[in-house]
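What you see is a predicted model; the values in this text were computed from it and never measured. By convention in this document, chain letters (A, B, ...) are assigned in the order of the sequence lines, proteins followed by strands, and residues within each chain are numbered from 1. The basis for the numbers below is simple: all heavy atoms, side chains too, and nothing from hydrogens, waters or symmetry mates.
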Amino acid sequence: MKAIVDCNSFYCSCERLFRPDLRKRPVVVLSNNDGCIVSRSDEAKNLGVPMAGAYFQARPIIQQHNIAVFSSNYNLYGDLSWRVMETLRSLSPMVEVYSVDEAFLDLSHVPVDELEAAALHIRHTVEEWTGISVSVGVAPTKTLAKLANYIAKKNKAASNCIKVLATPEQLAPALQSTRVNNVWGVGRAFANKLINQGITSAWELSTMPEEWAHRHMGGITGVRLIRELKGIPAIDLEEPLKVKKMIATTRMFGEPVGDIGSIKEAVATYTTRAAEKLRRQHSAAKVISVFIVSKEQDHMIDFHHGPSISTHITLPIPTSNTQELIKPAVDMVDQLFTRGKEYKKAGVMLSGLVPDESIQGNLFVSQEKNNNRFLMDILDNVNFSMRGDILKFAAVGTARNWKMRQELHSSRYTTRWDELFEVR
DNA sequence: TCTGGGGTCCTAGGACCC
DNA sequence: TCTGGGGTCCTAGGACCC
């Protein structure tokens, strides 16, 4: 058996933890740049605030109901996420951290008639140790555990925030009552296709033959989905510490930018951040891609797929050195930039990742290379211990007139001494 | 006026080879 | 008139997730 543990309205719960006055008040948290709504408390959901809706569109309803609004505070969420995951690791021999607010747990050591008690124990322990409330779904496969979790969350009062789907008698009604678009792995495109063919429930989908899934639902991915729904594990729990195959840092600008100097500063900054992520997992990158997105006039039409233009280069030797990455990245901006146009977003992607062999001093590379790596380590250590950019490269600039908007930021209660929560 | 920022996996199709 | 049959590798792009 597998469990998925999912924090309830995670970002909102984090904000509430240090603001007891908000316990009963509806809360929402905004994405970067204060663009759209990415987390809603139950009260905000019930008032009809849409998920992933644009903030400016939801503003009337937010004001009308006196909903508390926060810019996203990733320092805080990251730290609380770590506490939740550490708690889970003490409860199960195998934990796969799936996202900032979710983890899969292996419960194969728990007898079937004790699953309910185990799920409840997990929930209570996390809440007691971290103050974050969670929902727990338990089932034979990851996809069914997600489905169980979905049911638990839909009616928290009835479910006690846990749902176990272990026997055929438990599974059949759950599958029958779940619409196909709420199944994990069925997105908008597939959902429309399925509904057009008269397949509307998870149950109906689970009865489809595998060849059919292979033809109509993205090949092998569709076959796995059907198997998982039937209770046959097809997606395993992943080992921890998976090394990423691609690293990206991309951001919207606070406001449209028309001068190439600012865009270069932004790209240099994003490259710096991406290189840090690269070194953290002891990788070096062979390929650097840069893209910029121009400000669209008619952004009401599918703003996610704006006219982005991109280019990439392949380095002669893979590197994790910030200086060696910044230079080509910034040069690529010259190729992409058109004078007179305004841009709203830029991004840097590092791919073709290989293990970085010169992490410790290496006999077989030049002294100069080892020194560079040493410099990078010092830089990372200083910046990490200070939790911020204390040391920077000149190319990132200091004016930062492209940086994102964050007007409603809460304090970094758990990672900054000077922002500690005060009790009088 | 104002719409996020990461990631993964898979497939199709082109280039190239013998 | 007539135009093989495999392979492999790479890239772009679609679909999905939170």
Side-chain angles (χ1 to χ4, degrees), chain A residues 4 6-7 9-11 28-39 50-60 62 69 71-72 74 77-78 81 96-104 142-143 146 149-150 181-194 213-225 234-236 238 242-256 270 273-274 277 281 286-287 289 291 293 295-306 308 310-312 314 342 344-353 404-408:
Chain A
I4 178 93
D6 188 328
C7 301
S9 310
F10 182 54
Y11 295 172
V28 300
V29 176
L30 306 178
S31 66
N32 268 331
N33 225 27
D34 295 346
C36 45
I37 293 160
V38 291
S39 182
M51 181 57 172
Y55 173 43
F56 76 92
Q57 285 172 343
R59 206 172 273 164
I62 285 172
V69 184
S71 300
S72 34
Y74 292 109
Y77 312 150
S81 169
E96 176 196 337
V97 176
Y98 179 65
S99 74
V100 68
D101 70 334
E102 280 177 63
F104 287 102
K142 280 182 161 181
T143 307
K146 288 286 280 186
N149 193 273
Y150 169 78
N181 54 303
N182 294 320
V183 171
W184 188 53
V186 178
R188 252 214 347 240
F190 283 150
N192 286 338
K193 222 157 123 181
L194 290 170
H214 195 276
R215 209 169 21 238
H216 296 106
M217 293 199 68
I220 187 72
T221 354
V223 174
R224 281 186 200 140
L225 178 59
I235 308 172
D236 289 333
E238 305 267 3
K242 236 193 347 178
V243 172
K244 285 179 188 128
K245 298 168 181 170
M246 180 205 94
I247 285 169
T249 301
T250 72
R251 294 276 185 287
M252 300 274 299
F253 302 139
E255 51 197 55
Y270 303 162
R273 187 94 329 118
K277 297 183 199 168
Q281 66 167 35
K286 228 172 351 205
V287 179
S289 319
F291 71 85
V293 182
K295 184 180 116 183
E296 279 167 276
Q297 292 312 311
D298 48 357
H299 51 255
M300 295 314 285
I301 312 163
D302 199 11
F303 60 85
H304 275 298
H305 295 90
S308 98
S310 69
T311 185
H312 66 268
T314 303
E342 289 202 300
K344 63 175 184 184
K345 182 177 184 177
V348 174
M349 277 183 265
L350 303 178
S351 52
L353 306 190
M404 63 187 181
R405 269 192 311 271
Q406 284 205 313
E407 288 162 357
L408 306 154

**For atom CG of Asn182(A) and atom C1' of dC16(C), their distance in whole Å** = 15 Å
**Request:** Could you please name the option among dG7(B), dC16(C), dC18(C) that lies closest to any side-chain atom of Phe190(A)?
**Result:** dC16(C)
**Message:** Under a 4.0 Å threshold between the charged nitrogen and the carboxylate oxygen, would Glu238(A) count as salt-bridged to Lys142(A)?
**Reply:** no
**Item:** Stems formed with participation of DNA chain C [Watson-Crick or G-U wobble, under 3.5 Å, three or more pairs]
**Value:** B:5-18 with C:5-18
**Request:** Could you grab the distance from atom CE of Met217(A) to atom CZ of Arg224(A), nearest 0.5 Å is fine?
**Result:** 13.5 Å
**Asked** With distance as the sole test, does Ser351(A) use its side chain to make a donor-acceptor pair with the main-chain N or O of Met246(A) at under 3.5 Å?
**Response** no
**Prompt:** Could you state the CD-P distance from Glu255(A) to dT3(B), rounded to the nearest angstrom?
**Reply:** 12 Å
**Request:** May I ask you to evaluate whether Arg273(A) reaches the phosphate of dG6(B), defined as a side-chain N or O under 4.0 Å from OP1 or OP2?
**Result:** no
**Message:** If you only use heavy atoms from C-beta on, which nucleotide in dC18(C), dG5(B), dG7(B) is closest to the side chain of Arg251(A)?
**Reply:** dG5(B)
**Prompt:** Given atom CG of Leu353(A) and atom C1' of dG7(B), what is their separation to the nearest angstrom?
**Reply:** 12 Å
**Request:** Dump the intermediate steps for side-chain contact (heavy atoms from CB on, under 4.5 Å) on Leu408(A) and Tyr55(A), then the final yes or no.
**Result:** CA-CA 12 Å; Leu408(A) 306 154; Tyr55(A) 173 43; 4.0 Å; yes
**Prompt:** Is Asp34(A) touching bases, backbone alone, or none of the nucleic acid, heavy atoms closer than 4.0 Å?
**Reply:** nothing
**Message:** Please report the interatomic distance CE(Met349(A)) to OG1(Thr250(A)), rounded to the nearest 0.5 Å.
**Reply:** 7.5 Å
**Request:** Can you measure from CG (Asn149(A)) to CH2 (Trp184(A)) and round to the nearest 0.5 angstrom?
**Result:** 11.5 Å
**Item:** Nearest listed nucleotide, side chain of Trp184(A), among dT3(B), dG4(B), dC17(C)
**Value:** dC17(C)
**Request:** Please work out if Val186(A) contacts a base, only the sugar-phosphate, or nothing of the nucleic acid, heavy-atom cut-off 4.0 Å.
**Result:** sugar-phosphate
**Message:** Between P on dG14(C) and CE on Met217(A), what's the gap in Å once rounded to a whole number?
**Reply:** 18 Å
**Message:** Work out how far the P atom of dC18(C) is from that of dT3(B), and round it to whole angstrom.
**Reply:** 25 Å
**Request:** May I have the distance from Ile62(A) (atom CD1) to dC2(B) (atom P), rounded to whole angstrom?
**Result:** 18 Å
**Message:** Return whichever of Tyr55(A) or Lys277(A) has its heavy-atom-nearest nucleotide of DNA chain B closer to the 5' end.
**Reply:** Tyr55(A)
**Message:** From NZ of Lys142(A) over to P of dC16(C), roughly how many Å is that when rounded to an integer?
**Reply:** 18 Å
Detail all sub-3.5 Å separations between protein N/O atoms and N/O atoms belonging to nucleotides 9-12 of chain B.
from, atom 1, to, atom 2, distance (Å)
dC9(B), OP1, Lys245(A), NZ, 3.4
dC9(B), OP2, Lys245(A), NZ, 2.9
dC10(B), OP1, Arg224(A), NH1, 2.7
dC10(B), OP1, Arg224(A), NH2, 2.7
dT11(B), OP1, Ile220(A), N, 3.4

**Prompt:** Taking Asp101(A) for the side chain and Ser81(A) for the main chain, is one N or O donor matched with an acceptor at less than 3.5 Å?
**Reply:** no
**Fill in**
Of Met252(A) and Pro256(A), the one whose closest nucleotide on DNA chain B sits nearer the 5' end is Pro256(A)
**Item:** From dC18(C), dT3(B), dC16(C), nucleotide with atom closest to Ala189(A) side chain
**Value:** dC16(C)
**Prompt:** How is Val183(A) classified with respect to the nucleic acid when contacts are heavy atoms under 4.0 Å: base, sugar-phosphate, or nothing?
**Reply:** sugar-phosphate
**CG on Leu194(A) to CG on Asn181(A), rounded to 0.5 Å** = 9.5 Å
**Prompt:** NA contact type, Lys146(A), heavy-atom cut-off 4.0 Å: base, sugar-phosphate, or nothing?
**Reply:** sugar-phosphate
**Request:** Report which part of the nucleic acid Asn33(A) touches: base, sugar-phosphate, or nothing (heavy-atom distance under 4.0 Å, all strands).
**Result:** nothing
**Item:** Worked verdict on Ile247(A) versus Gln281(A) for side-chain contact (heavy atoms from CB on, under 4.5 Å)
**Value:** CA-CA 10 Å; Ile247(A) 285 169; Gln281(A) 66 167 35; 4.0 Å; yes
**Message:** Students often mix this up, so state it plainly: with edges at 30° and 60°, are the rings of Tyr98(A) and Phe104(A) parallel, tilted or perpendicular?
**Reply:** perpendicular
**Prompt:** Which of these nucleotides, dT8(B), dT3(B), dG4(B), is closest to any side-chain atom of Lys244(A)?
**Reply:** dT8(B)
**Asked** Between dC17(C) atom P and Phe104(A) atom CZ, what is the distance in whole Å?
**Response** 12 Å
**Asked** Roughly, in whole Å, what's the span from CG in Asp6(A) to P in dC18(C)?
**Response** 8 Å
**Prompt:** Given dG5(B), dG4(B), dT8(B), which nucleotide is nearest the side-chain atoms of Cys36(A)?
**Reply:** dG4(B)
**Request:** Assign Thr249(A) to base, sugar-phosphate, or nothing according to its heavy-atom contacts below 4.0 angstrom with the strands shown.
**Result:** sugar-phosphate
**Prompt:** If you round to the nearest 0.5 Å, how far is CG of Leu353(A) from NZ of Lys244(A)?
**Reply:** 10.5 Å
